[in-house]
Amino acid sequence: MKAFTQHKGLAAPMDRANVDTDLIIPKQFLKSIKRTGFGPNLFDELRYLDEGFPGQDCSDRPLNPEFPLNLPHYQGASVLLARENFGCGSSREHAPWALDDFGFRAVIAPSFADIFFNNCFKNGLLPIVLEEEVVDQLFEEMYAQQGYELTIDLEKQQVIKPNGETIGFEVDAFRKHCLLNGLDDIGLTLEDADDIRAYEAKRREQAPWLFDAVK
Amino acid sequence: MAGQTLYDKLWQDHLVKSREDGTALIYIDRHLIHEVTSPQAFEGLRLAGRKPWRKDSLVATPDHNVPSEAGERAGGVEGIRDQVSRIQVQTLDENCRDFDVVQFGINEPGQGIVHVIGPETGATLPGMTVVCGDSHTSTHGALGALAHGIGTSEVEHVMATQCLIQKKMKNMLVRVDGELGPGVTAKDVVLAIIGKIGTAGGTGYAIEFGGSAIRSLSMEGRMTVCNMAIEAGARAGMVAVDQVTLDYVKDKPYAPKGAQWDKAVEAWSQLHSDDDAVFDAVVELRAEEIEPQVSWGTSPEMVAPVSANVPDPAAETDTTKRTGIERALEYMGLTAGQKITDIQLDRVFIGSCTNSRIEDLRAAAAVAKGHKKAESVKQVLIVPGSQAVKAQAEKEGLHKVFIEAGFEWREPSCSMCLAMNADKLGAGEHCASTSNRNFEGRQGYGGRTHLVSPSMAAAAAIAGHFVDVRELQRDAALTAEEMQQ
Ligand code: SF4
């Protein structure tokens, strides 16, 4: 996993509540067996005026001129400002993959859906929860000022505004550690292999039916 | 010390290790796999040279991409016309072969929607931790299990380590007391719950569904309720083990037998919240107040009783909510204040892991019997959740009832629940659907989904618009009475 330490990037809006995973990446694109290449289809139904198909070249599809990510001054954005309950719906990791593939490194919102939130960390994408009023303020400033860039310092747990003002945010210690160092969860868990085996042996004795094979 | 909740007990039983940072390693008993969220996880194992920790905990089946239409289905994997779908199903076959994972293949008797086949085979049991790369894994919680959806990285993590890194969730009790009225089903109960607490109401919680109305539901009804816990924002939903659970599990193919069964029953009898258990949140509903529900918007919380009207955004004082309603009405092509029963339908879908079990099909058939679908309705799809459900329905002759009504009897798959196979809504079409999500485009680009129960869906198929299934049932009861006189 790629590490996340500090990131400075252009902010762009996804200005609606309850953005679901079908909106982030419609299901026809889940047919891929790869982890990459979802970027061109991020927010597909909002971004383009036609229906998208997997494997298609998106460069000559008609763009929705009103969709913010299509506007010239949001090109190259890497910090997404979003509203409450972002990422609700399915468990598909394709949602963070698509955001990542598009170029986003962080998403800031007042709240996230649980599974999506969790999936972000596994992919080097940082979801940041800030108070609703603070997010409102960021939206306002971003709309008022073209080229609005935010710096995110994970070590210090701060979002730094263009005027130098800082906003602190919470992040789970374990997730922070993994993200800062780009650590792979599996490797870490396997360091506890003996504990897992010990649990398993005890459990097998207590509840052997849990270990019966199927078929 | 206060007593434990069901969730506390399941958590405690599976705790391998608490870490200093507040996370924990939770042991996973059963890991279900389907073709959409597993390829990248198997690939990850391969790249790292890892093997599944306990391959006998894995059970795979293809469901999302398999065709529901009998002709196409007969060709097996090779016969799947959409090349991208075919590759995904083939990839599952290859991965199961390479890693020696049990799979119920596309046309094998055990195949079906992953959340339907788990409980019906006994592959998922009370007291288990169950995961799957699919958010509706919450379904299995109906058995008194701790079951939740995970992302693909976690699929790989569980395959490699048999554990999930978790933070303990908070406890929520949703209690529905009283007696459900006639025509009111488990689906209506859960839609009413989501309407009340909202799609983020359960975020961060494990929800236990309790109260006399929940206890009076069959196992399949409880599955419908737990299935949609995720639509209320909760990763896990569950119901305590009782006699209904035990009667359901007994004699399932992979359920424990003989002395093992007795031992298991003894252990399972603990799987309920203690009387003095403390919940972080409690939500209460009266069963009598729940009517058949219909969703009118683009989020499962946008739901109303069938006797009600589509809301008027002007009456909403909260601006975010008002914009949400306006946007939803525009997408859905509905006018503020219009009667729910005036919504005309183009297609009807009865299926999905929410409502494709035998009782759901029986309920739909009871309404459809002796009727024909409305001329204006282009298509009514009946998609059983598994090969076993299909076989049982055919044994009971339900498929004939459907076919005579002009409905289409299809092969087990996710089908139009998310339209990854060929079953889709056209742009602007309204669908009465027994599935779980009414997001924009979920059932096809520009499609308009209304979530309902199987009997409400069947009634809508016949009328061409929504009708209160209770009125139909009253009418039918009257006619029967008249005939007797
Ligand atoms: S039936 Fe629908 S919700 Fe259920 S697993 Fe399939 S696609 Fe997902």
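Computed from a predicted structure; not experimentally measured. The sequence lines fix the lettering, A, B, ..., with proteins before strands; numbering per chain opens at 1.
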(message) I want to check something: taking the side chain as every heavy atom from C-beta on, are A/Phe174 and B/Ile165 in contact at a cut-off of under 4.5 Å?
(response) yes
Okay, A/Asp114 and chain B: the region with an atom under 4.5 Å from a heavy atom over there is both
Whatever's closer than 4.5 Å to a heavy atom in chain A on B/Asn436 counts as neither
Between the CD atom in A/Gln56 and the CG atom in A/Asp50, the distance rounded to the nearest 0.5 Å is 6.0 Å
When the 4.5 angstrom heavy-atom criterion is applied to A/Asp44 and chain B, the contacting part is neither
Bottom line for B/Thr23: the part with an atom under 4.5 Å from chain A's heavy atoms is side chain
If one checks every heavy atom of B/Ala267 against chain A at 4.5 Å, the contacting part turns out to be side chain
Honestly, the part of B/Ser299 sitting under 4.5 Å from a heavy atom of chain A is neither
Checklist entry - Taking the six-membered ring for Trp, are B/Phe104 and B/Tyr254 parallel (under 30°), tilted (30 to 60°) or perpendicular (over 60°)? => result tilted
Turns out that what part of B/Leu15 lies under 4.5 Å from chain A's heavy atoms comes down to backbone
Scored by heavy-atom pairs under 4.5 Å with chain B, the best of A/Ser111, A/Pro208, A/Ala213 is A/Pro208
*Salt bridge B/Arg437-A/Asp22, side-chain N to carboxylate O under 4.0 Å*: no
So, the side chain of A/Ser32 versus the backbone of A/Phe29: is there a donor-acceptor pair under 3.5 Å, distance only? no
Point to revise | Check: B/Gln443 side chain, B/Leu425 main-chain N or O, donor-acceptor pair, under 3.5 Å | key: no
So, the part of B/Val84 with a heavy atom under 4.5 Å from chain A: the answer is both
Pair count under 4.5 Å, heavy atoms only, with chain A: among B/Ser38, B/Ser85, B/Gly324, B/Gly233, highest is B/Ser85
Note: vs chain A, highest number of non-hydrogen pairs under 4.5 angstrom among B/Arg50, B/Lys321, B/Met169 is B/Arg50
- Query: Crowded around B/Glu20 CD? As in, over 12 foreign heavy atoms under 6.0 Å?
  - Reply: no
One option among A/Arg197, A/Gln28, A/Arg92, A/His177 has the most heavy-atom pairs under 4.5 Å with chain B, and it is A/Arg197
Just by distance, do the side chain of A/Asp153 and the backbone of A/Gln158 share a donor-acceptor pair under 3.5 Å?
no
Contact list (residues 134-143 of chain A to chain B, heavy-atom gap under 4.5 Å, by number) returns none
Could you list the donor-acceptor pairs under 3.5 angstrom formed by side chains in residues 255-264 of chain B, with sequence neighbours left out?
{"from": "B/Lys257", "atom 1": "NZ", "to": "B/Lys252", "atom 2": "O", "distance (Å)": "3.1"}
{"from": "B/Lys257", "atom 1": "NZ", "to": "B/Pro253", "atom 2": "O", "distance (Å)": "3.2"}
{"from": "B/Lys257", "atom 1": "NZ", "to": "B/Ala255", "atom 2": "O", "distance (Å)": "3.1"}

So, the part of B/Ile150 with a heavy atom under 4.5 Å from chain A: the answer is backbone
Among A/Lys122, A/Glu45, A/Glu200, A/Lys34, the residue with the most heavy-atom pairs under 4.5 Å to chain B is A/Glu200
So, the part of A/Arg203 with a heavy atom under 4.5 Å from chain B: the answer is side chain
Checked B/Ser135, B/Gly44, B/Gly127, B/Cys163 vs chain A; the most non-hydrogen pairs under 4.5 Å come from B/Ser135
The interface call for B/Glu35 against chain A, heavy-atom contacts under 4.5 Å, is neither
Worksheet item: Would A/Phe86 and A/Phe116 count as a close aromatic pair, with their ring centres under 6.0 Å?
Response: yes
Check your understanding: Where does the angle between the aromatic ring planes of B/Tyr27 and A/Tyr199 fall among parallel (under 30°), tilted (30 to 60°) and perpendicular (over 60°)?
Key -> tilted
Looking only at A/Ala173, A/Ala207, A/Ser91, the option with the highest number of non-hydrogen pairs under 4.5 Å against chain B is A/Ser91
Cut-off 4.5 Å, heavy atoms of chain A, and the answer for B/Thr199 is both
Okay, B/Glu108 and chain A: the region with an atom under 4.5 Å from a heavy atom over there is side chain
Taking the six-membered ring for Trp, are A/Phe117 and A/Phe121 parallel (under 30°), tilted (30 to 60°) or perpendicular (over 60°)?
-> perpendicular
Test item: A/Asn118 and B/Glu154 side chains (from C-beta on) under 4.5 Å apart, heavy atoms:
yes
The interface call for B/His14 against chain A, heavy-atom contacts under 4.5 Å, is both
In this structure, NE2 of B/His136 is separated from SG of B/Cys417 (nearest 0.5 Å) by 7.0 Å
Of A/Leu23, A/Asn119, A/Asp20, A/Asp195, the largest count of non-hydrogen pairs under 4.5 angstrom with chain B goes to A/Asp20
When the 4.5 angstrom heavy-atom criterion is applied to A/Ala193 and chain B, the contacting part is both
Among A/Asn18, A/Asn123, A/Asp185, the residue with the most heavy-atom pairs under 4.5 Å to chain B is A/Asp185
Counting heavy-atom pairs under 4.5 angstrom with chain A, the leader among B/Asp56, B/Thr152, B/Ile230 is B/Thr152
>> Between B/Glu440 and A/Arg16 (salt bridge meaning N to carboxylate O under 4.0 Å), is one present in this structure?
In response: yes
Review point. Any side-chain heavy atom of A/Trp97 sitting closer than 4.5 Å to one from A/Ile25?
Key: no
Per-residue tally against chain A (heavy atom, under 4.5 Å) across B/Val158, B/Val155, B/Leu125, B/Val102 peaks at B/Val102
Note: vs chain A, highest number of non-hydrogen pairs under 4.5 angstrom among B/Arg19, B/Gln162, B/Arg30, B/Lys55 is B/Arg19
Under 3.5 Å, sequence neighbours excluded: what are the donor-acceptor pairs made by side chains of residues 124-132 of chain A?
none

Sorted by chain and residue number, the side-chain contact (heavy atoms from CB on, under 4.5 Å) partners of B/Ala60 (sequence neighbours excluded) come out as B/Ile33, B/Leu92, B/Cys96, B/Val101, B/Gln103
Bottom line for B/Val36: the part with an atom under 4.5 Å from chain A's heavy atoms is both
task: Taking the side chain as every heavy atom from C-beta outward, state whether A/Leu154 and A/Leu179 have any pair of such atoms under 4.5 Å apart.
output: yes
Main-chain N/O of B/Pro39 paired to B/Asn95 side chain as donor or acceptor, under 3.5 Å
no
Okay, B/Ala419 and chain A: the region with an atom under 4.5 Å from a heavy atom over there is both
